[in-house]
Amino acid sequence: MNKPLKIIIAVITAVLLLLVLVWSLMAQRIALNPEGTVGNTAGNLYNEGLFCEYDGTVYFSNSNTNGGLFRMSPDESNISRINTLKVRNLLAGGKYLYYYESGTLSTNSEFGVLTGTKSFNRCELDGRRNAALSRELLSTAQLVGNYLYMMTSNGTSNSFYKLKIDASEKVELADYVINPACASGGYLYYSGSKDLFLHQLNTSTDVDRVLWEEKVWNPVVDGDYVYYMDVSNNYRLCRYSLSLGTVDVLTEDRVDCFNVGSGYIYYQKNDATSPQLICMYTDGTNAHAIAGGNYTHINMTSRYVYFQAFGDDKTLYHSPLGSNSCEIFYAAMEAASKEQK
């Protein structure tokens, strides 16, 4: 082989290696999120974050025997499994899905066996390129822009910090409990760990301030209103106008948990003799029961509300928004799966 040919082959080889290296680096690069990205609604995250709707797709945790992380259309069609993990605290934004993994459901038993370590993960929206971002015990996490705001606890100490979505730039913000579930307009809204007042954290500056000196629990910002459980008045449900500074009492019922979205509020009425899951408009009108008993984990999408009976984390119910009744979700899920076949 003559020398010029050797040189040409060497140059071509070097160029190919460079292209492979560039492609590899680009493949590992984490794409940034669109401006204004928020990972999930506050109401869903207060209720375990079992459902998350993003860009025309609903991602959800299947708590039934076979378990797993699934996705579907908002009308509950096109159901498919992403993985077999036991997950909660679902977040989505840009090209990625985030979730807290509490184990993997083994198929060695007809009942399933939960195995594996706990971790907070990032993957592509179809489940590929899964990566563990944290091995800490997670209480709640929220995605705001290109940062994850994470509340972790090991039982003896707490840590609230932000972490860039590529797992860099970890910044400790507090050593006490801050629930980052409620995010809107570049701010986090939360109930102060000591005073229970409504606090506001600016995510651009990490500066915190007391926004309103009233005791609130699980604040949810929806438009101009902050919906909350009124700690000083038997946990009744109220809303506070950010622009007017006025308060509307939506119900005198003692509330265990609630969710807000698409013009509706769903809440669990705490009552020793007749507990009920109630649906009403966001102004408190047209309140009606959709199920008797004690329910929890109220998650909402643009079309449905999902919930579970207290003490039963296997059975999941669903109801079209505004409906007067409900049914077990898995019946509809199995029917949709058969139609796909």
Side-chain angles (χ1 to χ4, degrees), residues 38-50 52 61 86-91 93 98-103 116-122 131-184 186-221 226 228-232 235 256-259 296-297 299 313:
V38 173
N40 202 347
T41 65
N44 283 354
L45 293 177
Y46 290 139
N47 287 277
E48 294 291 293
L50 302 179
C52 177
S61 173
K86 180 72 172 178
V87 303
R88 64 172 175 83
N89 205 114
L90 296 174
L91 307 171
Y98 306 82
Y99 56 86
Y100 184 65
E101 172 193 349
S102 55
T117 58
K118 295 176 172 58
S119 62
F120 186 76
N121 300 342
R122 181 197 67 230
L133 303 181
S134 171
R135 299 289 186 185
E136 298 172 279
L137 294 177
L138 182 79
S139 297
T140 311
Q142 177 62 288
L143 172 67
V144 182
N146 291 299
Y147 288 89
L148 293 156
Y149 288 81
M150 305 177 68
M151 183 67 230
T152 63
S153 175
N154 60 13
T156 58
S157 62
N158 301 303
S159 177
F160 176 66
Y161 61 89
K162 70 176 183 179
L163 180 72
K164 200 166 184 180
I165 59 174
D166 62 359
S168 68
E169 299 183 32
K170 181 177 179 179
V171 180
E172 298 284 345
L173 299 176
D175 59 1
Y176 49 87
V177 175
I178 292 179
N179 190 330
C182 184
S184 178
Y187 296 94
L188 296 178
Y189 297 83
Y190 67 95
S191 176
S193 61
K194 295 182 179 180
D195 54 30
L196 297 182
F197 293 162
L198 179 64
H199 285 243
Q200 183 189 67
L201 177 70
N202 188 327
T203 60
S204 296
T205 62
D206 298 330
V207 174
D208 169 84
R209 71 182 181 111
V210 175
L211 187 64
W212 188 41
E213 293 187 4
E214 289 292 335
K215 295 182 178 181
V216 306
W217 192 247
N218 287 0
V220 175
V221 174
V226 180
Y228 64 96
M229 295 158 65
D230 185 355
V231 177
S232 300
Y235 289 87
D256 287 334
C257 57
F258 74 99
N259 204 336
T296 187
H297 299 162
N299 280 242
D313 61 358

Worksheet item: How are the rings of Tyr98 and Phe120 set relative to one another: parallel (under 30°), tilted (30 to 60°) or perpendicular (over 60°)?
Response: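 Correct class here is parallel.
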For a quick test of reading the model, state the closest non-hydrogen atom pair linking [X] to [Y] and the distance between them.
X: Leu188; Y: Pro180; value: CD2-O, 3.5 Å
X: Arg88; Y: Leu50; value: CB-CD2, 4.1 Å
X: Tyr46; Y: Val220; value: CE1-CG2, 3.8 Å
X: Cys182; Y: Ala42; value: CA-CB, 3.5 Å
X: Ala141; Y: Leu45; value: O-CD1, 3.6 Å
X: Ala167; Y: Leu133; value: CB-CD2, 4.0 Å

[X]: side-chain hydrogen bond (donor to acceptor under 3.5 Å, both in side chains) partners, not counting sequence neighbours:
X: Ser168; value: Asp166
X: Asn40; value: Asn44
X: Asn179; value: none
X: Ser139; value: none

[atom2] on [Y] to [atom1] on [X], rounded to 0.5 Å:
X: Thr152; Y: Glu136; atom1: OG1; atom2: CD; result: 4.0 Å
X: Phe197; Y: Trp212; atom1: CZ; atom2: CH2; result: 10.5 Å
X: Phe160; Y: Met151; atom1: CZ; atom2: CE; result: 8.0 Å
X: Tyr187; Y: Ser204; atom1: OH; atom2: OG; result: 7.5 Å
X: Gln142; Y: Tyr149; atom1: CD; atom2: OH; result: 10.5 Å
X: Leu143; Y: Leu90; atom1: CG; atom2: CG; result: 12.5 Å

Tell me whether [X] contacts the main-chain N or O of [Y] through its side chain, where contact means a donor paired with an acceptor under 3.5 Å.
X: Arg122; Y: Ile165; value: yes
X: Ser191; Y: Asn218; value: no
X: Asn299; Y: His297; value: yes
X: Ser102; Y: Lys86; value: yes
X: Ser61; Y: Val87; value: yes

Worksheet entry | Tyr100: ring-ring contact (aromatic ring centres under 6.0 Å, His included) partners, not counting sequence neighbours |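 Tyr100 satisfies ring-ring contact (aromatic ring centres under 6.0 Å, His included) with no other residue.
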Worksheet entry | Qualifying residues under ring-ring contact (aromatic ring centres under 6.0 Å, His included), relative to Tyr190, sequence neighbours excluded | His199
Worksheet entry | Asp206: partners by salt bridge (Lys or Arg N to Asp or Glu O under 4.0 Å), with sequence neighbours left out |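 Only Lys162 meet the salt bridge (Lys or Arg N to Asp or Glu O under 4.0 Å) criterion with Asp206.
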Item to complete: Check salt bridge (Lys or Arg N to Asp or Glu O under 4.0 Å) between Glu214 and all other residues, then give those that pass, not counting sequence neighbours.
Response: none
Worksheet entry | Trace of the side-chain contact (heavy atoms from CB on, under 4.5 Å) decision for Val226 with Leu211 | CA-CA 11 Å; Val226 180; Leu211 187 64; 5.7 Å; no
Residues forming a side-chain contact (heavy atoms from CB on, under 4.5 Å) with [X], sequence neighbours excluded:
X: Glu169; result: Tyr147, Lys164
X: Ser184; result: Tyr189, Val221
X: Ser119; result: Glu101, Asn121, Ala132, Arg135

Item to complete: Run the numbers on Ile178 and Leu201 for side-chain contact (heavy atoms from CB on, under 4.5 Å), then give the verdict.
Response: CA-CA 10 Å; Ile178 292 179; Leu201 177 70; 5.5 Å; no
Practice prompt. Could you name each residue pair satisfying salt bridge (Lys or Arg N to Asp or Glu O under 4.0 Å) that touches residues 138-154, not counting sequence neighbours?
Written response: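 Non-adjacent pairs meeting salt bridge (Lys or Arg N to Asp or Glu O under 4.0 Å): zero.
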